[in-house]
Structure formats: C-alpha cells, structure tokens
Student: 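Take this structure first; my questions come after.
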Amino acid sequence: MTAKPLLKPTARNSDFYLNRLNTCLEEAKEASLPRVRERSMRAAAAWKEMYEKAQLFERRLGR
C-alpha cells in the first residue's frame, strides 16, 4: 500500500477573504429574518479573521 501524498492548502490572497466578508455583511443587511442575519454576521466574523490572517501572511512575504 502506498502512502497518499500530503496536499498543501492553496493560498488565497486577502482580497478573496475581503470579498466574502463584504458579501456576508450585505446578506446580513438585507436579511429580514433574525436568524439569517445572525448567521451572516457569524460568517462575516469568521471571514474577517481569515482576512486579517491573510494580510499578516502577505506582509510577512513582503507583498
């Protein structure tokens, strides 16, 4: 049996995360149901964290 190769995660630039963050914020603003709004806000918080981490990574790489 052969071992599966280790797959490296694909790196995305911070713009991807920023776009997803803004999309979630727009969805939250347009949502009429409270739980949908809350779900969008939770997703936006997660995307914001990923965006900030991506920016830090890009700064370390000197982009």
Side-chain angles (χ1 to χ4, degrees):
M1 199 182 226
T2 60
K4 292 183 181 179
L6 295 176
L7 299 176
K8 294 182 181 179
T10 58
R12 294 197 167 122
N13 63 18
S14 61
D15 292 336
F16 173 80
Y17 299 111
L18 183 60
N19 288 334
R20 294 298 304 147
L21 167 62
N22 289 331
T23 300
C24 289
L25 291 174
E26 283 297 316
E27 289 174 0
K29 189 180 356 175
E30 295 173 2
S32 58
L33 299 173
R35 290 188 185 198
V36 173
R37 189 177 316 111
E38 290 169 12
R39 182 189 67 208
S40 294
M41 292 305 292
R42 284 193 309 271
W47 286 114
K48 181 179 180 189
E49 184 177 337
M50 289 183 272
Y51 170 70
E52 291 169 351
K53 287 180 182 179
Q55 281 191 317
L56 178 63
F57 181 74
E58 289 172 356
R59 273 181 270 168
R60 287 182 182 165
L61 290 179
R63 289 185 185 177

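Just so you know, these numbers come straight off a predicted model, no measurement behind them. All residue numbers refer to positions in the sequence shown, counting from 1.
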Student: Give a yes or no on whether Met41 atom CE has more than 12 heavy-atom contacts from other residues, nucleotides or ligands under 6.0 Å away.
Tutor: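 No, the 6.0 Å shell around CE holds no more than 12 heavy atoms from other groups.
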Student: Hey, what's the ring geometry for Phe16 with Trp47, parallel, tilted or perpendicular (30° and 60° as the breaks)?
Tutor: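 Rings of Phe16 and Trp47: perpendicular, as their planes differ by over 60°.
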Student: Enter the distance from Asp15:CG to Arg20:CZ here, rounded to the nearest 0.5 Å.
Tutor: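 The CZ atom of Arg20 is 14.0 Å from CG of Asp15, to the nearest 0.5 Å.
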Student: To the closest 0.5 Å, what do you measure between CZ (Phe57) and CG (Asn13)?
Tutor: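 Rounded to the nearest 0.5 Å, the CZ-CG separation comes to 11.5 Å.
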Student: Hey, what do you get for CZ (Arg39) to SG (Cys24), rounding to the nearest 0.5 Å?
Tutor: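 Answer for the CZ-SG pair, Arg39 versus Cys24, is 9.0 Å.
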Student: Hey, does Lys48 have a side-chain heavy atom less than 4.5 Å from the side chain of Leu18?
Tutor: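 A side-chain contact is absent here, since even the closest heavy-atom pair is not under 4.5 Å.
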Student: Is Leu21 reachable from Leu56 through a run of I, L, V, M, F, W or Y residues, each pair having side-chain heavy atoms under 4.5 Å apart?
Tutor: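 They do not share one cluster, since no chain of ILVMFWY contacts under 4.5 Å joins Leu56 to Leu21.
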Student: Side chains of Ser40 and Arg37, heavy atoms from C-beta outward: is any pair under 4.5 Å?
Tutor: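 The answer is no, as the side chains (C-beta and beyond) never meet within the 4.5 Å cut-off.
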Student: When you compare the side chain of Glu26 with that of Asn22, does any pair of heavy atoms fall below 4.5 Å?
Tutor: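 No, too far: nothing below the 4.5 Å cut-off.
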Student: Working to the nearest 0.5 angstrom, can you tell me the gap between Thr23 OG1 and Glu27 CD?
Tutor: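 Those atoms lie 6.5 Å apart.
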Student: For the residue pair Gln55 and Ser14, what are the closest heavy atoms and their distance?
Tutor: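 Here Gln55 and Ser14 meet closest at CG-CB, 3.9 Å.
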